[in-house]
Amino acid sequence: MDPNEALKRTVREFLGRETPPHYGLLITGEWGSGKTHVIKGLIGKPSDDPPSFYVSLSGCSSKADFDQALFSAVYRHLNHPFAQLIGTAIRATTNADAADFKRFLSTKQQGAYVFDDLERANGLSLIDLLRYVNELVEHSTARVIVVANPDVLGGTEFAEFNAQKEKTVGRTLKVVPDLDSAFDCFVTSVSSEPVRALFRREAAAIKDIFRAAGRHEVGGDGQPRLKRNSGFNNLRTLQQALWDIEEILKTQRGFEDAEPARLRAFVEYVLVMALHVKNGNLSEEDLPEDRKSVLTRRMHNTRAGFEFDHPEVDLETVHMRRSALANALFRGHFDPIAIGEDFRRTVTPPPAADTPPWRVLIESFERPAEEVRMAVERLHEQFANFEIVELGEILHAVSLRLWLADIGAIDESAQEVQGGAIAYIDQLVQRDKLPAYDESHTSRRFVSYGGWQIMEHELLGPVRDHLQAQAQVVQITQLDEKGHELLGALPKAPADVGSVLVGAGNPHPNYGHLPIMRHVDPVAFTAALLSLPVPEQHKIGMAIHARYDFGSVRYALRAEETFVRGLDKAIEDAIGRSDLSPIETDRLKKLRRWSLSKAIEHFDTLQETE
C-alpha cells in the first residue's frame, strides 16, 4: 500500500479544482524522503495548457537568483502567454511595476507552480518569497505548491516562516518515505539493462540492507548511537549508491554471466559500504584495507567507535580493496582494471582446500564432483573432532547433513543426524567450546550466516532451539562470572568497574547493556562501595545512575531489578547506622537518591504497566 496515497489524492484534487483554491499547499518531509519525486509525479508539464512549472530554489541567495531560477523553469516555453507574463510577476516582488503585476493577475490563467528546496534558498528573504507566493494565491487562479523541510530552519527564520505561512498556506502535508515506489523509480532510471535486471532480481536484499544501514549514526558529539528510527529515510542515498554500483558493474563486460550468489555478494558488499559512506559514517580511511581486515573487523569503524553489523552480507567471499572502492565512492573514478581484479576474485569460487566444507556443499552445483565428495568426508571429520563451534556454522553444517541424509549421500537417517546434532551441541558445552549467545549479533545468525541463508529442514527447528538455549545458558554463566568479577575488583579498581557498568569505550561485548549484576549480592556490593574513598563512591554512583535509563531497564537490564532494589535497601540500612555522623548520613542519602531513585522509579513504572 502506498503510504502517500492520501497526500497524492489531496494534491490531485487541489490541482484539479474548478474554482481557484486561493491558498497554497506546503509539502514537508525530511531530506531524501522523496518529496520532489512525489510532487513531480503529480504535476503536468510546462507545455500543458494550463502549464505546470517546477522551480528549485536551492542555492538562491538574492532576488536576482530567484528571478533566474524562475526564468530557467519557463525559458523554453516563452511563447506561452502565461509564461510571457512571468517577467512582470517577478518584477512585482522587487516593487518594480505594480501595475504590470496587477495585469498579470487579472489574466486569471490557470497554472501550477511548484517551489522546491525552500530551506536551501540561503540568503533569500522568506518574506519576499512568501509575499510573491501569497499574491499568486490570493489574486490569481494559480495553483501554488511549496516543497520544504522547515524543521532545518533556524529559530528566527522558523518563526518568520510560520508567521508568513499562516497567510499563504491552507494545508500542510508530509511525505512519508516510500521505499518500494522509490526503488522501482530508481531501477527504471538505470541505463544498463543487465544492471536493471540484476537490481530487480535482488530487490528484496537491497531493500533489507538499506533498512539495516540506518541502525547507526554518529551524534553531534562524535559518539556512535542507535538511530531512534531503525529505518533509513534518506532515499536519495540509496539512489546514489545504486548509481555507483551501476558504474562499477558497467566496467566489467559480461558481469551478468557470473554465478548469481557471488554476484549478489559483491553487490551487497558495495551497497553497504556506499550507504555508510553517503550517510557520513565511513571516511576513506575507515574503509577496510583488504579482505583480511574485513573479516577481522567485521566492518568495525574505529573512527566512530562502533560496529556496523550486516550478517546478511558475505564478507568472506567478497574481495574489494580500499583503493578501488575509495576511488569509486569518493572520487567517481571507476578503474576497470582495479575493479576487475577484485570482481574476478569475488565471483570465481576459491579452491576447495581454502573453503569450509559447508560452503563447498552449498556451492555443490558449481563444484567438481571430487571436491564435493571430499567436502562431505571433511564435514563428517569436523563433527567427529568437534571442530565446528561458530553458532551459524553449526546450523549450516547440520542443515546440510540433513539434506545429505534425505538424498542418501551419507549412511545416516535424518532423525539420526538430528539426534547427533543435539548431542554434538551438548558435548561442545561440556568441553567449554560453545560460544555465548549475543543478542546484538547472534540472533540473526540463526537464520543466515556467512552471506548464505541457512537451509531449512523440518528437523532443523529443534536443533536450532537447543543450540540457542544452550548458547544462552553459556551467556548467563559468563555474565554471572563477570558480575562476581566486578564485585571482587570494586575495592581495588573502582574506575574500571564503573567503566564496565556503563559500557565505556564501546567494548565487545558491551556489558553496559547486559545483565551482569542480576546475581551479585547487593549487600556485599554495598559494603565494597562504602569502603571506597568518598570521591570513588560518587563515581560508582554516577555509573549506576547512567546504567539504568528507562530503555535499559525496560529491555536488556530488566533482570537486574532484584539487585537494584536490594542495593537500595542495603544503602538505606547503612544510612540508619548509629555510628555515622549527621554529615555522613546526609551524604549517603544523597548518594542513594542520585544513584538509584530513577532506576527504582523506572522499575515501578514497569510493574504498573505489566
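The structure presented is a predicted model; accordingly, all values stated were derived computationally and were not measured.
- Counting heavy-atom neighbours within 6.0 Å of Asp432 CG, excluding the residue itself, gives a total of 12 or less.
- Under the 3.5 Å distance criterion, the side-chain polar atoms of Glu584 are matched with a main-chain donor or acceptor of Ser581.
- Expressed to the nearest 0.5 Å, how far CG of Leu404 lies from CG of Leu361 amounts to 5.5 Å.
- When the shell of 6.0 Å around NZ of Lys433 is examined, it contains more than 12 heavy atoms from other residues, nucleotides or ligands.
- Taking both residues in full, the closest heavy atoms of Asp180 and Lys207 are given as OD1-NZ, 2.8 Å, listed atom of the first, atom of the second, then distance.
- For the pair Glu536 (side chain) and Pro494 (backbone), a donor-acceptor distance under 3.5 Å is absent.
- Of the possible polar contacts, none joining the Gln382 side chain to the Glu387 backbone as a donor-acceptor pair under 3.5 Å is found.
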Report task. With side chain to side chain contact (heavy atoms under 4.5 Å, CB included) as the test, would you mind laying out the steps for Leu596 and Ile571 before giving the verdict? Result -> CA-CA 10 Å; Leu596 294 165; Ile571 296 178; 3.9 Å; yes

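- Rounding to the nearest 0.5 angstrom, the gap separating the CZ atom in Arg565 from the CD1 atom in Ile600 is 5.0 Å.
- Val360 has its side chain out of reach of Met374: every pair of non-hydrogen atoms, C-beta onward, lies at least 4.5 Å apart.
- Inter-residue side-chain proximity for Leu428 and Val389 is flagged as met; some heavy-atom pair is nearer than 4.5 Å.
- The pair Lys569-Glu572 does not count as a salt bridge, with every side-chain nitrogen at least 4.0 angstrom from each carboxylate oxygen.
- The line from CE of Met455 to CZ of Arg401 is 13.5 Å long, rounded to the nearest 0.5 Å.
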**Report entry** Audit row: Tyr269, Asp342, side chain to side chain contact (heavy atoms under 4.5 Å, CB included) steps and yes/no
**Finding:** CA-CA 12 Å; Tyr269 178 83; Asp342 295 333; over 6 Å; no

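- Using a 4.5 Å cut-off on side-chain heavy atoms (C-beta onward), Leu514 and Gln475 make contact.
- Using a 30° and 60° split on the angle between ring planes, Tyr548 and Phe603 fall in the tilted class, from 30° to 60°.
- Ring centers of Phe210 and Phe183: at least 6.0 Å apart, outside the cut-off.
- A 4.5 Å side-chain heavy-atom check between Val463 and Ile394 finds every atom pair outside the cut-off.
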Query raised in the report: Under the side chain to side chain contact (heavy atoms under 4.5 Å, CB included) criterion, do Asp573 and Thr526 qualify, and how do the steps go?
Result: CA-CA 10 Å; Asp573 292 343; Thr526 301; over 6 Å; no

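- Using bins of under 30°, 30° to 60° and over 60° for the plane-to-plane angle, the ring pair His396/Trp358 lands in the parallel bin.
- Taking CG of Leu235 as the start and CD of Gln240 as the end, the distance is 11.0 Å to the nearest 0.5 Å.
- Of the possible donor and acceptor atoms, none in the side chain of Arg367 sits under 3.5 Å from a partner among the backbone N and O of Val372.
- Summarising the geometry, atom CG belonging to Leu395 is positioned 4.5 Å from atom CD1 belonging to Ile454; distances are rounded to the nearest 0.5 Å.
- Every residue two or more places apart in sequence or in another chain was checked for a salt bridge (Lys or Arg N to Asp or Glu O under 4.0 Å) with Asp411, and none qualifies.
- A pairwise comparison of heavy atoms in Ser413 and Ala405 identifies C-CB, 3.8 Å as the closest pair.
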Query raised in the report: Going through the distances and angles, do Leu467 and Val398 end up as a side chain to side chain contact (heavy atoms under 4.5 Å, CB included)?
Result: CA-CA 11 Å; Leu467 178 62; Val398 173; over 6 Å; no

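- Taking 4.5 Å as the limit, some side-chain heavy atom of Pro515 sits within range of a side-chain heavy atom of Glu560.
- No more than 12 heavy atoms of other residues, nucleotides or ligands sit less than 6.0 Å from atom CD1 of Ile583.
- Ile410 places none of its side-chain heavy atoms less than 4.5 Å from the side chain of His380.
- Across all their heavy atoms, Val502 and Arg547 have their closest contact at CG1-N, 4.5 Å.
- At a threshold of 4.5 Å between non-hydrogen side-chain atoms, the residues Asp406 and His457 count as touching.
- Between the CZ atom in Arg558 and the CG atom in Leu606 there is a gap of 5.0 Å [rounded to 0.5 Å].
- A donor-acceptor pair is defined here as one N or O able to donate and one able to accept, closer than 3.5 Å; no such pair exists between the side chain of Glu284 and the backbone of Ala326.
- The shortest non-hydrogen separation linking Ser364 to Trp403 is OG-CH2, 4.1 Å.
- Screening Glu561, Lys598, His602 against Val553 for a side-chain contact (heavy atoms from CB on, under 4.5 Å) leaves a single residue, His602.
- Put simply, the side chain of Lys482 never gets that close to the backbone of Tyr511: no donor and acceptor are under 3.5 Å apart.
- Heavy atoms only, all atoms of each residue included: Ile575 and Arg592 are closest at CD1-CD, 4.1 Å.
- When all heavy atoms of Thr237 and Leu275 are compared, the pair lying nearest together is O-CD2, 3.9 Å.
- A heavy-atom distance below 4.5 Å is not found between the side chains of Thr562 and Arg518.
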